[in-house]
Amino acid sequence: MLVTEKNALTAEIEKLIAVHGSGREALLPILQQVQIRHGHISDFGQQEIARLLDIHPVEVYGVITFYSFLSTEPKGRNIIRLCRTISCDLAGKDAIIRTLEREIGVRFGETTTDKKYTLEFANCMGMCDQGPAMLINDEVFTHLTPQRIADILKNRA
Amino acid sequence: MERKGIVLFDTAMHGNGLAEALKKTRQDIVMEVRESGLKGRGGAGFPTGTKWMLASAAMADKKFVVCNADEGEPGTFKDRVLLDEYAELVFEGMAIAGYTIGAQTGFLYLRGEYRYLLAKLEGVLEKMRADHRLGENVCGKDFTFDIHIRLGSGAYVCGEETALIESLEGHRGEARNRPPFPVNTGYMGYPTTVNNVETFASVAVILSKGAEWYKQIGTDKSAGSKLVSVSGDCEKPGVYEIPFGMSIAELLEMVGAKDTKAVQVGGASGTCVPKSEFGRKVAFEDVSTGGSVIVFNESRDMLHVLKNFMEFFVEESCGQCTPCRIGNIKLLDGVEKIEKGECSMRYLNELMQLGQSMQVASKCGLGQSSPSPFLSILTHFQHEIFSQR
């Protein structure tokens with residue numbers, strides 16, 4: 001990481017602290033914002049957040065690894081989370097798994113080399129009446145079919 | 001989409017619960033909620049009036065109201081619909097709770113998967129502040145209350161109230177020992193009431209229409225209505241509002257389910273009800289549910305269903321206590337053995353005993369209820385499952 005990038009990240013974390021406060025309860029909102037903007041929370045980012053909140057870096061690492069939407073490793077710009085829980089399973093999620101792996105060219109749990117996509121499973125996301133369902137970042141897609149997957153992926157940056 | 005319902009899904013019933021509540025004394029509201037017989041809608045069914053009475057009796061200079069919108073139980077999506085379509089009712093219920101227990105701050109803990117609702121909900125809060133239904137001097141009274149939205153980050157266990165509070169405080173979402181209960185030692189150590197989204201919405205209606213009216217709906221022991229999220233093998237999946245006491249057979253008829261073999265009521269941590277028991281009723285005293293109803297037709301393999309549930313629990317166990325962390329892995333391993341035809345009856349009985357131990361020895365609700373699908377599916381469908389392998 002370049003020194004200028006490090007300085008920029010520190011400044012960004014300082015700005016987030018100005019909004020969310022510097023108490024321990026601000027940790028999760030700050031981590032969520034860094035995750036959204038950078039796709040992960042780097043070692044340096046973890047140390048800076050710990051320093052500015054005056055807690056041990058291990059505490060920060062512990063929290064990140066507990067929550068499935070936070071990550072210490074870089075993820076793709078589009079994180080696809082397919083629901084694998086029972087209602088979406090009954091609605092045919094297995095065919096959607098195969099479609100996504102074929103269309104994107106990586107397996108579930110992996111990220112494409114160009115960092116465009118990450119394929120993950122999610123547990124029940126509350127779209128059980130409209131399954132199979134998936135999230136791409138914050139956006140929900142329901143009633144998935146192989147054809148619909150192709151249409152959804154067509155215009156992604 | 002037009003919704004039909006008797007309490008929450010009938011906007012004519014909504015009235016003005018917050019303004020009505022603020023005309024009453026705190027004790028009167030506690031009495032009214034206790035009188036209504038309202039029980040927690042998240043699934044555990046603790047009487048809401050009692051919880052508020054304990055929180056209001058606790059002595060502290062600060063108190064908090066938390067709305068549990070970490071709706072993660074497989075097959076549950078009623079809170080999503082409530083927040084999407086009737087958020088004002090939920091926020092009014094939170095303000096009523098704040099007034100009753102003496103809190104000035106409320107948190108809506110929204111699961112990360114529902115982040116797309118955030119902008120809309122913030123808009124609703126802004127509108128309510130502009131209407132003086134939140135903020136300083138709510139409805140012209142000497143009462144200040146505001147609501148902040150906090151997001152979860154994908155952890156099922158955070159739906160457990162003490163784990164949720166840990167998460168709000170910026171920690172790993174690991175459940176605490178109870179007692180002390182959150183009504184005495186909750187968020188930041190201050191008295192806190194944690195209630196479900198549907199509970200808050202119900203309170204707002206109860207305060208506008210009265211406990212007497214509310215009590216007439218439902219059964220003697222389960223007053224009022226329940227939102228159920230129906231998914232699986234039926235023609236019309238979705239959220240329905242039913243009076244407590246409706247039988248499972250009636251429910252299946254309503255949603256257009258045919259050739260039904262079994263119904264999973266209460267999600268992964270609920271119980272599996274076979275066809276022979278479809279006469280049972282949805283109520284706290286019979287088949288209790290937080291709102292999830294998953295329908296399986298004759299073509300479904302119940303072992304496949306069970307495997308899906310056990311994979312869910314293995315992934316979502318927080319790992320803090322041994323019965324849940326190891327027990328769920330053992331149960332999943334057992335399911336895989338059954339699948340391959342390698343599980344002896346003797347080993348199955350040992351697994352059933354392990355499940356019963358987990359129910360008593362686990363620290364929080366997740367671990368205590370995680371063996372439920374294993375025990376109920378392998379009790380009701382043992383013959384079917386083993387005769388195929």
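Chain identifiers are assigned alphabetically (A, B, ...) following the order of the sequence lines, protein sequences preceding nucleic acid strands; residue numbering begins at 1 within each chain.
- Your options are B:Ser153, B:Gly72, B:Gly170, and the one with the most heavy-atom pairs under 4.5 Å with chain A is B:Ser153.
- Using a 4.5 Å cut-off between heavy atoms, A:Gln130 touches chain B through its side chain atoms alone.
- Atom NZ of A:Lys116 sits in a crowded spot, with more than 12 heavy atoms from other residues, nucleotides or ligands closer than 6.0 Å.
- Both the backbone and the side chain of B:Ser167 come within contact range of chain A, each with at least one heavy atom under 4.5 Å from a heavy atom of that chain.
- For a residue to count as touching a neighbouring chain, one of its non-hydrogen atoms must lie under 4.5 Å from one of that chain's; by this rule B:Tyr187 touches chain A with the side chain only.
- Closest non-hydrogen pair, B:Cys158 versus A:Tyr67, comes out as SG-CE2, 3.9 Å.
- A:Asp129 has a carboxylate O that lies under 4.0 Å from a charged side-chain N of B:Arg80, or vice versa, which qualifies the two as a salt bridge.
- The part of B:Val295 that comes within reach of chain A is its backbone (N, CA, C, O), which places non-hydrogen atoms under 4.5 angstrom from that chain.
- For the pair A:Gln32 and B:Leu151, the tightest heavy-atom approach, listed with the atom from each and the gap, is NE2-O, 2.8 Å.
- When B:His304, B:Arg300, B:Arg150 are compared by the number of non-hydrogen pairs under 4.5 Å with chain A, B:Arg300 comes out ahead.
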Step by step, would you call A:Glu59 with B:Arg172 a salt bridge (Lys or Arg N to Asp or Glu O under 4.0 Å)? CA-CA 9 Å; A:Glu59 293 277 333; B:Arg172 292 162 68 87; over 6 Å; no
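- Minimum interatomic distance between B:Gly154 and A:Ser68 (heavy atoms only, all atoms of both residues): O-OG, 2.7 Å.
- Considering only heavy-atom pairs separated by less than 4.5 Å from chain B, the leading option among A:Asn137, A:Ile86, A:Thr85 is A:Ile86.
- The shortest non-hydrogen separation linking B:Gly75 to A:Ser87 is CA-OG, 4.3 Å.
- Within a 6.0 Å radius of CG in A:Asp54, no more than 12 heavy atoms belonging to other residues, nucleotides or ligands are found.
- Among B:Ala268, B:Gly173, B:Gly319, the residue with the largest count of heavy-atom pairs under 4.5 Å with chain A is B:Gly173.
- Proximity of B:Glu113 to A:Met127: side-chain heavy atoms (C-beta onward) are nowhere separated by under 4.5 Å.
- Applying a 4.5 Å heavy-atom cutoff, the residues of residues 88-115 of chain A that approach chain B are A:Asp89, A:Leu90.
- B:Leu168 touches chain A through its backbone: at least one of N, CA, C or O sits under 4.5 Å from a heavy atom, while the side chain does not.
- Residues A:Arg84 and B:Glu315 are paired through a salt bridge, judged by an N-O separation under 4.0 Å between the basic side chain and the carboxylate.
- How far CZ of B:Phe312 is from SG of A:Cys124: 7.0 Å, rounded to the nearest 0.5 Å.
- Residue contact with chain B, scored on non-hydrogen atoms closer than 4.5 Å, involves the side chain of A:Leu135 exclusively.
- Within a 6.0 Å sphere centred on OH of A:Tyr61, heavy atoms belonging to other residues, nucleotides or ligands number 12 at most.
- Proximity to chain A is absent for every atom of B:Ser229, based on heavy atoms less than 4.5 angstrom apart.
- In terms of heavy atoms, A:Phe66 sits closest to B:Ala155 at CE2-CB, 3.9 Å.
- Looking only at heavy-atom pairs under 4.5 Å with chain A, the residue among B:Glu316, B:Lys236, B:Arg115 that has the most is B:Arg115.
- Within the 4.5 angstrom heavy-atom criterion, no atom of B:Glu71 approaches chain A.
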